[in-house]
Structure formats: C-alpha cells, structure tokens
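What you see is a predicted model, and the numbers here were worked out from it, not measured in a lab.
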Amino acid sequence: MEKQAKIYVAGHRGMVGSAICRALEAQGYTNLLKRTSKELDLRNQQAVEEFFEAEKPDYVFLAAAKVGGILANDQAPADFMYDNMVLEMNVIHSAWKNGVKKLMFLGSSCIYPRMAPQPMPESCLLTSSLEKTNEAYALAKISGLKYCEYLNRQYGTDYISVMPTNLYGPNDNYHPQHSHVLPALIRRFHEAKVSGAPSVTCWGTGAPLREFLYVDDLADACVYLMNTYSGNETVNLGTGKELTIKELTQLVAKVVGYTGEILWDPSKPDGTPRKLLDVSKLEKLGWHYKTELEEGIRLTYQDFLHSKVRVER
C-alpha cells in the first residue's frame, strides 16, 4: 500500500478497527478514512454506495461487525446474522463497484466446524457442522469470505480474508453480559476485588481450551498481509498457543489482584471444546506474534481501569 493511499477502515472505533488505525498511523499511513456508525450505517445499502462513490478509497479493511459472547449470540441469532451479513455485503460489493485495489475481510475462528481437527487448518472450513451457540454469526462471516473469494474468481479482484483467533486488548467491550470471555473476566474479578467478594462463579466447567491474540499484534499482522499476501484461501491469525478457561481465569485473577475463591457453574454452556488455529501458513508468510498472554492481560487491565467510566454508564 502506498503511504499516501486512501485507506478506509470500517469499524475504526471498535477494538480491532482502532488497533488497525494505530498500526497504520505508526507505519506512516496518513490518509485514513473513518466514519462512525452514526455517520454511516453500513447496513444501509444506499448510504454505503454513496460513500464509496464519493470517497473512492484505494484500500479497505473490513473490521466492522456486530460482536458478542456466547450469551449475546445465543439470545439474538437473527440480529447477529442480519446485521453482519448485510453490512459486509454492502461494503464488499461497493468496494468492487468502485474499483478498490485491495480489501481485507476479517472473519472469526468460529467459522470452523465445532469438532474440527486441532489445530484448525484453513482447509477444514465447511467440512462439518458449526457450534450452535454462535452459528448465526459464523454463517454470516462465512458468507463474507466466500463473497470475496467469488469476486476474485469471477472478476479478478484482490480481496483477502483473515480469520483471527480470540482477540483482546485496548478498547475492548467490558459489558457484563455481552462481552467475550477475557474482558468479562477482567471486569468480574476487578469488581469482586473492589467489593471484597469471597468468591467468583464462572460459567461452565473451565475445561475448554482457547487461544488468545493481543489486538495490536493482530493489527500488525493485518497491515503486513495487506502488503505481502494475495490469494483465495483465508489466513489464520493467532499464536498457536492455548490454555484452558480455568487457567485463563487464574491468570486474570492474578493480574487483577483478586485472591478469593473461583467457583464453576457446569449448568452453563462451555461452548466449543477446543479452538486452536493452525498458524503454520501465517508463519511461512513471515509473521509471528509478539505479546505474551500475561503481558497482554496487564495492558488490557490498564485499559479497563482508564475506560471504567465509559464502561459503567
């Protein structure tokens, strides 16, 4: 990407989009296009078409999405499917109509089958059934990456898709019901520490295995791949390392400074048993993560403390 190129980051105020903006600006890209959801509703096809026709961006990072944890996905599957499918189709289609040089579509590791081989290679996509608790979100994301693939095949576009593992970091959502596991744990352990609660009860058994990537590492990988990779097969973005949810809770409690008892409620869902990405393709392309999990959690906890007023409104 040329340093003066016009780059549209869709979802620039979210955790992922804001990290991509930080990475781009740190590397000398100065001509960034940004629109809030109030300024541009990506679900509105006409508005998106008019934006692309007026601005004519050279490159697009499609990081905008309606996201949430197990509870949010399970309670509102229709909303997750509609919002994500419509916004991504609008952006990708308008990018194609207006001659965008290259587009990156950011998916999610939940696109892979519930019982996929571990670690999960890119080639296991659509080989068996999805995890039911986030099926609607996964189907929307699969549609986005397939649309990019079909445009490449039919029209010769250069649209690439990346599948991040579980992400965390600055500007995350710390909502007690609608956030992902790591930011939810940060908030719960912090509040338990402040209130002096003798115990914290966590969902499920603590047995599932998960992989986590610090969001600024993700952003660095995204900019790197936009500059170095073209191809129809998606690229997994992760660390290649995993730990149990129980081990994660112990690590978060340690970082936050909570010393009470951690209890488990096995009546609540665990979700997918294991989600480890095969990152051999990413490493062969020349990229490797930098931030270890404990250090990343420390940085994220500092962000939580600074954003606490915003979170609790």
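Expressed to the nearest 0.5 Å, how far CG of Asn152 lies from CG of Asn232 amounts to 4.5 Å. Here the straight-line distance linking atom CD of Glu55 with atom CG of Leu40 works out to 10.0 Å at 0.5 Å rounding. Put simply, NZ on Lys146 and CG on Leu126 are 6.0 Å apart, with the number rounded to the nearest 0.5 Å. With values rounded to the nearest 0.5 angstrom, Glu247 atom CD is found 9.0 Å from Thr249 atom OG1. Atoms CG and CD1, on Leu299 and Ile297 in that order, are 10.5 Å from each other to the nearest 0.5 Å. Distance check: Leu42 CG to Leu62 CG gives 8.0 Å after rounding to the nearest 0.5 Å.
Here the closest non-hydrogen pair linking Pro113 and Ser128 is CB-OG, 3.0 Å. When every heavy atom of Gly14 is checked against every heavy atom of Ser18, the shortest pair comes out as O-OG, 2.6 Å.
When atom types are taken as modelled, the side chain of Thr234 and the backbone of Ser161 share a donor-acceptor pair closer than 3.5 angstrom. Proximity of a side-chain donor or acceptor of Asn171 to a complementary backbone N or O of Arg13 within less than 3.5 Å is detected. The main-chain N or O of Phe80 is found under 3.5 Å from a side-chain atom of Asn84 such that the two form a donor-acceptor pair. At least one donor-acceptor pair closer than 3.5 Å links the side chain of Asn44 to the backbone N or O of Ala47. Looking at Glu88, its side chain does come within 3.5 Å of a backbone N or O of Gly144 through a donor-acceptor pair. Under a 3.5 Å cut-off, the side chain of Asn166 and the backbone N or O of Phe212 do not form any donor-acceptor pair. Lys141 places a side-chain N or O within 3.5 Å of a backbone atom of Leu106 that can act as its donor or acceptor partner. Judged by distance alone, with hydrogens and angles left aside, the side-chain atoms of Ser94 form no donor-acceptor pair with the main-chain N or O of Val91 at under 3.5 Å.
A ring-centre distance under 6.0 Å is not found for Tyr8 and Phe61.
Side-chain contact check for Asn236 and Tyr112: at least one donor-acceptor pair (N or O, by modelled atom type) lies under 3.5 Å. Side-chain contact, Asp265 with Thr201: no donor N or O sits under 3.5 Å from an acceptor N or O. Between the side chains of Asp220 and Trp287, at least one donor N or O sits under 3.5 Å from an acceptor N or O. With 3.5 Å as the limit, one finds a donor-acceptor pair spanning the side chains of Thr165 and Glu211.
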Apply ring pair (Phe, Tyr, Trp, His ring centres under 6.0 Å) to residues Tyr168 and Tyr214 and explain how you reach the verdict. CA-CA 5 Å; Tyr168 71 100; Tyr214 189 59; 5.5 Å; yes
Could you go through Lys275 and Glu131, starting from their C-alpha distance and side-chain angles, then the distance that decides it, and tell me whether this counts as salt bridge (Lys or Arg N to Asp or Glu O under 4.0 Å)? CA-CA 11 Å; Lys275 282 175 66 177; Glu131 162 62 34; over 6 Å; no
Check against side-chain contact (heavy atoms from CB on, under 4.5 Å), Met85 and Ser143: CA-CA 7 Å; Met85 194 169 287; Ser143 297; 3.3 Å; yes
Derivation and outcome, side-chain contact (heavy atoms from CB on, under 4.5 Å), residues Val162 and Leu282: CA-CA 10 Å; Val162 296; Leu282 176 65; over 6 Å; no
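Within 6.0 Å of CD on Glu39 lie more than 12 heavy atoms contributed by other residues, nucleotides or ligands. Around the NZ atom of Lys241, the shell of radius 6.0 Å holds no more than 12 heavy atoms that belong to other residues, nucleotides or ligands. The environment of CZ in Arg43 is sparse: at most 12 heavy-atom neighbours from other residues, nucleotides or ligands sit within 6.0 Å. Heavy-atom neighbours of Lys3 NZ from other residues, nucleotides or ligands within 6.0 Å: above the threshold of 12. Annotation for Lys193: atom NZ counts as buried by contact number, over 12 foreign heavy atoms lying within 6.0 Å. Residue-environment remark: NZ (Lys56) exceeds the threshold of 12 foreign heavy atoms within 6.0 Å.
Side-chain contact between Leu32 and Thr30 is absent, with no heavy atoms from C-beta onward closer than 4.5 Å. Residues Thr228 and Leu285 fail the side-chain proximity criterion, which asks for heavy atoms closer than 4.5 Å. With contacts defined as side-chain heavy-atom distances shorter than 4.5 Å, the pair Thr205/Trp264 does not qualify. Here the side chains of Tyr59 and Lys6 are not in contact, with every heavy-atom distance at 4.5 Å or above. Within the 4.5 Å cutoff, side-chain heavy atoms of Ile111 are placed close to those of Leu125. Here the side chains of Leu237 and Val279 are not in contact, with every heavy-atom distance at 4.5 Å or above. Looking only at side-chain heavy atoms (C-beta outward), Met89 and Tyr147 come within less than 4.5 Å of each other. Within the 4.5 Å cutoff, the side chain of Arg210 has heavy atoms near those of the Ile245 side chain.
Taken together through direct or relayed side-chain contacts under 4.5 Å among Ile, Leu, Val, Met, Phe, Trp and Tyr, Ile186 and Val215 form parts of separate hydrophobic clusters. A continuous path of Ile, Leu, Val, Met, Phe, Trp and Tyr side chains, each step under 4.5 Å between heavy atoms, connects Phe51 with Trp96, placing both in one hydrophobic cluster.
Ion pairing between a basic and an acidic side chain is recognised when a charged N comes within 4.0 Å of a carboxylate O; Lys101 and Asp158 show no such pairing.
Under the side-chain hydrogen bond (donor to acceptor under 3.5 Å, both in side chains) test applied with Arg298, the options Glu294, Gln302, Glu295 reduce to a single match, Glu294. Exactly one residue among Tyr174, Phe304, Tyr258 makes a ring-ring contact (aromatic ring centres under 6.0 Å, His included) with Phe189. That residue is Tyr258.
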